[in-house]
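These notes are about the structure you will find just below.
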Amino acid sequence: GGVYWTNDAARVAQGRDLVWRAWDRELRTEGAAAETFGWLRFGRDEIARHRDGLGIAGAGIGLFKMLGQLDREELVDPDSQANKTAARDWREMAMTSPAFLWVTSTGDTPSARLNAGRAYARLALAATEIGLAMHPWSQALQEYEEMAELRAEMHAFLAPPEGETVQMLVRTGYAEPIAPSARRDLTDFIRA
């Protein structure tokens, strides 16, 4: 496998469009959206309780929860006010992506996927060390029927070498530092 990237203006513009359409497709695909939303952790209490998933914290989260705009039923409705707001924000993120980076594996076996994940983790740490930020945008790589057309389009765009499978796609650039993600204890996974 390998690590590839582009900051070419024309290619980045094409990538921005693709990642945005894939994000929107996932939002509008009931099962896929529900799976993603199941991993969202809203507010410091949920983040501390679960210590996994995608944490969303901030001053307004408690207010949105009180107003009922962050309940799971609201989130699976792609046309809810919460999702309209999220879509606006995520579209801006997609359209301001300065560069894209992708990680491939040789083949697509479970061990190849695991090794690609390890490589991505090391890459993310190295990027952080030199002041770069990485933000996963792998929706177009998902393997469900509704994403097939965009997955094919993304494959043609990324054009991995013969025999390589794209395992991770991120936008990368400079960003304000953020707090580290919550982590679960090792004892949650390993028992002596």
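- Looking only at side-chain heavy atoms (C-beta outward), V19 and W23 stay at 4.5 Å or farther from each other.
- Residues passing the salt bridge (charged side-chain N to carboxylate O under 4.0 Å, His left out) test with R122, sequence neighbours excluded: none.
- Pairs engaging residues 92-114 under the side-chain hydrogen bond (donor to acceptor under 3.5 Å, both in side chains) rule: T104-E164, S105-Q167, D108-R113, D108-Q167, T109-S111 [sequence neighbours left out].
- With sequence neighbours left out, H135 forms a ring pair (Phe, Tyr, Trp, His ring centres under 6.0 Å) with W90, W137.
- At least one side-chain heavy atom of M134 sits under 4.5 Å from a side-chain heavy atom of Y120.
- Taking the ring centre of F157 as origin, the terminal cationic atom of R11 falls inside the region bounded by 6.0 Å and 45° from the ring axis.
- When hydrophobic clusters are built by joining Ile, Leu, Val, Met, Phe, Trp and Tyr residues whose side-chain heavy atoms come closer than 4.5 Å, directly or via intermediates, Y4 is not grouped with L132.
- Residues that satisfy the salt bridge (charged side-chain N to carboxylate O under 4.0 Å, His left out) test with D185, not counting sequence neighbours, are absent from this structure.
- Taken together through direct or relayed side-chain contacts under 4.5 Å among Ile, Leu, Val, Met, Phe, Trp and Tyr, L141 and F100 form part of one hydrophobic cluster.
- The two residues A112 and G107 come nearest to each other via the heavy atoms CB-O, 4.1 Å.
- Cluster membership check: V170 shares its hydrophobic cluster with W5, using side-chain heavy-atom separations under 4.5 Å among Ile, Leu, Val, Met, Phe, Trp and Tyr.
- Checked against salt bridge (charged side-chain N to carboxylate O under 4.0 Å, His left out), D8 has no partners two or more places apart in sequence or in another chain.
- Here the side chains of L158 and M154 are in contact, with some heavy-atom distance below 4.5 Å.
- Residues A99 and V12 approach most closely at CA-CG2, 4.1 Å, considering heavy atoms.
- No continuous path of ILVMFWY side-chain contacts below 4.5 Å connects M168 to L18, so the two sit in separate hydrophobic clusters.
- Between the side chain of R171 and the backbone N or O of M93 there is at least one donor-acceptor pair closer than 3.5 Å.
- Annotation: side-chain hydrogen bond (donor to acceptor under 3.5 Å, both in side chains) contacts involving residues 138-158, sequence neighbours excluded, comprise R21-E153.
- With contacts defined as side-chain heavy-atom distances shorter than 4.5 Å, the pair V103/V166 does not qualify.
- Hydrophobic clustering (ILVMFWY, side-chain heavy atoms < 4.5 Å, transitive): L123 and I130 are in distinct clusters.
- Across every non-hydrogen atom of A22 and M147, the tightest pair is O-CE, 3.4 Å.
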